[in-house]
Structure formats: C-alpha cells, structure tokens
Amino acid sequence: IKKSKILENKALTESIKEIGETLNSKSDNSNYKFKFYIVKDDQVNAFALPGGYVVVYTGLLKKAESPEEVAGVLAHEIQHVYQRHGLKRIVKRFGISLSIALLFGDVGGTVDAIGGELAGLKFDRDEEREADKLGLDLMYNSGIDPNGMVKFFKKLKETEIGLPNALSLISTHPDTEERIKNLQAMIDDRYRINYKIKKEFKFDWKKLKEEAEKF
C-alpha cells in the first residue's frame, strides 16, 4: 500500500484553506466544517473524505496556473462530500471501522497509512456529473471565475496521453471530454445573464507554485 505523507507548510495549506472556505461559505451546506491537507506527491490529484477532510497533492499545485483552477478541483471534491458519494465507497472497500475513524478521528494517520488507496476511489458517472454541475454552481455562488474548472480539466486532457500515472485526477474520472463540453456549455449559458466575478484571491499564486516545487 502506497503511503502519502501530509506536508506541514503554512503558506500552501493556508492558501488551499482560503480557497476551500470561500467555496464552502456560500453553500447551503456552509455549516459543514472542512479540514484541508497537502500531501507531498507528484500525482496531479485531490480527493475528499467523509467528515470534511480534503487532501490536495503537491503535483496538482505545481500543475495549476491560478487559484481559480484549484478552486475548480476543490469545488468538485467538496460536492462529493456534500452528496455523500464517498461514504458508501469507503464502507464497501475498507469497512465500517475506517468510515467511523474518518468521521470522528484524526485523518492524519489514515492518510499517512493508506492515502494512495483512498485517492484511487472511483465514483460512477452519474456521481461525477453531479459533482461537476454542483461544483460549478458552487463556484458561481462564491463569485469565483468558473472558467478555472474547465481550464484545469482541459490542461490535464491535453497531457493525458502517455502520462497515465501522473494524471490520477483524470484517469480515475471517466468521460473527460464529455465532462469538459458539458461544463463549457453550462458556463456559456450562465454568462448570458451577465455573471460577474466577485472573488479575487490576494495571495501570490506564482510564489506559492514556487513553494510547491520545493517538494
């Protein structure tokens, strides 16, 4: 079993926390409390666990060109939590004891022990479509540029061929091209009603990427 070590880096963790909390604050589920962790791993990946634990790999931070791109990924993963998509998968694969540990315990030890296994959990197509659509809605409600979600998926799609191990976020999520088209169609439709971007993150994303490159 592949182990994944949680990275202790205040600048990176606080930036991810700000993005995630911005998304969560404008949701109907805003009373849900999330905890954000960064894992030192070059896979381009992120995953969310029952109990509100969101894990982001340094490989994703290195790949993203803006906080809005990261927000697109986080919005999708947060919706998996809101919709309880992951709970039944974890119960089926690891048993009820792990599910209880994730809901009420310290996620750190669990991610360290079986983080790679958790990152590989797959959702079905309907769950992925739901997380895409509702994740995009979450970006709109938060005033974050929704193009970030499409840009990041397009970027991964362009480099997907020949790099299966480096692009877990795409390889474990089916129908990438269809999902990109559906997201773009939703954005095109929303912009017809004069949507305005309200949220601009203050931190220097270039410097944060440079910080991620150290790991």
Side-chain angles (χ1 to χ4, degrees), residues 2-41 43-62 64 67-91 93-121 123 127 131 134-135 138-139 141-142 144 148-149 152 168-169 172 199 201-203 205 208 211-212 215:
K2 180 179 179 180
K3 293 187 177 182
S4 302
K5 264 325 245 191
I6 290 176
L7 185 66
E8 299 292 339
N9 184 288
K10 185 176 181 180
L12 292 173
T13 303
E14 288 299 315
S15 65
I16 296 303
K17 180 180 178 181
E18 181 180 342
I19 295 171
E21 290 185 345
T22 298
L23 291 163
N24 185 49
S25 67
K26 300 300 182 181
S27 167
D28 292 337
N29 299 279
S30 58
N31 60 330
Y32 210 110
K33 303 302 180 184
F34 284 90
K35 294 183 179 180
F36 299 89
Y37 300 87
I38 297 176
V39 163
K40 180 182 176 181
D41 195 305
Q43 292 184 70
V44 183
N45 207 357
F47 60 94
L49 304 173
Y53 302 102
V54 181
V55 180
V56 178
Y57 285 30
T58 51
L60 188 150
L61 302 181
K62 295 174 186 179
E68 288 76 21
E69 290 185 14
V70 177
V73 177
L74 292 184
H76 175 95
E77 296 301 333
I78 285 172
Q79 284 295 348
H80 278 313
V81 175
Y82 288 159
Q83 308 309 318
R84 302 180 185 276
H85 292 160
L87 187 57
K88 61 182 179 180
R89 295 282 188 273
I90 290 174
V91 170
R93 185 163 175 178
F94 298 105
I96 190 66
S97 60
L98 175 61
S99 303
I100 293 173
L102 290 172
L103 286 170
F104 300 107
D106 178 9
V107 75
T110 302
V111 172
D112 284 350
I114 57 172
E117 291 290 311
L118 291 171
L121 289 174
F123 301 105
E127 289 171 336
L134 296 179
L138 197 55
M139 294 187 76
N141 294 339
S142 304
I144 301 172
M149 183 182 283
F152 195 74
S168 299
L169 190 64
T172 59
K199 176 63 179 179
F201 296 98
K202 303 296 184 182
F203 48 76
W205 186 250
L208 287 169
E211 187 68 21
F215 302 100

Inset, instruction - Output the distance between atom CD1 (I144) and atom CE (M149), rounded to the nearest 0.5 Å. - result: 10.0 Å
Inset, instruction - Would you indicate whether the side-chain heavy atoms of V39 and N45 approach each other to under 4.5 Å? - result: no
Inset, instruction - For the pair S15 (side chain) and L12 (backbone), establish whether a donor and an acceptor sit closer than 3.5 Å, ignoring hydrogens and angles. - result: yes
Legend entry - All side chain to side chain donor-acceptor pair (under 3.5 Å) counterparts of K62, not counting sequence neighbours: D42
Inset, instruction - State, yes or no, whether a side-chain contact exists between V56 and L74 at a heavy-atom distance under 4.5 Å. - result: yes
Inset, instruction - Output all residues satisfying salt bridge (charged side-chain N to carboxylate O under 4.0 Å, His left out) with E68, sequence neighbours left out; order by chain, then residue number. - result: none
Legend entry - Point-to-point distance, once rounded to the nearest 0.5 Å, from CG of L134 to CE of M139: 14.0 Å
Inset, instruction - With rounding to the nearest 0.5 Å, note down the distance linking CG in N141 to CG in N24. - result: 12.0 Å
Legend entry - Atom of G20, atom of I78 and distance for their closest heavy-atom approach: O-CD1, 4.1 Å
Inset, instruction - Starting at CG of L23, measure out to CD of E77 and round the result to the nearest 0.5 Å. - result: 12.0 Å
Legend entry - Heavy-atom check, side chain of K35 versus side chain of V54, under 4.5 Å: no
Legend entry - Listed partners of F215 passing ring-ring contact (aromatic ring centres under 6.0 Å, His included), at least two apart: none
Inset, instruction - Determine whether Q79 and L138 make a side-chain contact, defined as any pair of heavy atoms from C-beta on separated by less than 4.5 Å. - result: yes
Inset, instruction - Assign the ring pair H76 / H80 to parallel, tilted or perpendicular, where the plane angle (0 to 90°) is split at 30° and 60°. - result: perpendicular
Legend entry - Side chain E69, main chain A64, donor-acceptor under 3.5 Å: no
Legend entry - Y53 side, atom OH; K33 side, atom NZ - distance, nearest 0.5 Å: 14.0 Å
Legend entry - Side-chain touch F201/V70, heavy atoms, less than 4.5 angstrom: no
Legend entry - Non-hydrogen side-chain atoms of S142 and K199 separated by less than 4.5 Å: no
Legend entry - For E18, side chain to side chain donor-acceptor pair (under 3.5 Å) partners two or more places apart: none
Inset, instruction - For the residue pair F152 and L60, establish whether any side-chain heavy-atom pair is separated by less than 4.5 Å. - result: yes
Inset, instruction - Write down the atom of G135, the atom of A75, and the distance for their closest heavy-atom approach. - result: O-CB, 3.4 Å
Legend entry - Set of ring-ring contact (aromatic ring centres under 6.0 Å, His included) partners for F34, sequence neighbours left out: Y32, Y82
Legend entry - Any Y57 side-chain heavy atom under 4.5 Å of I38 side chain: no
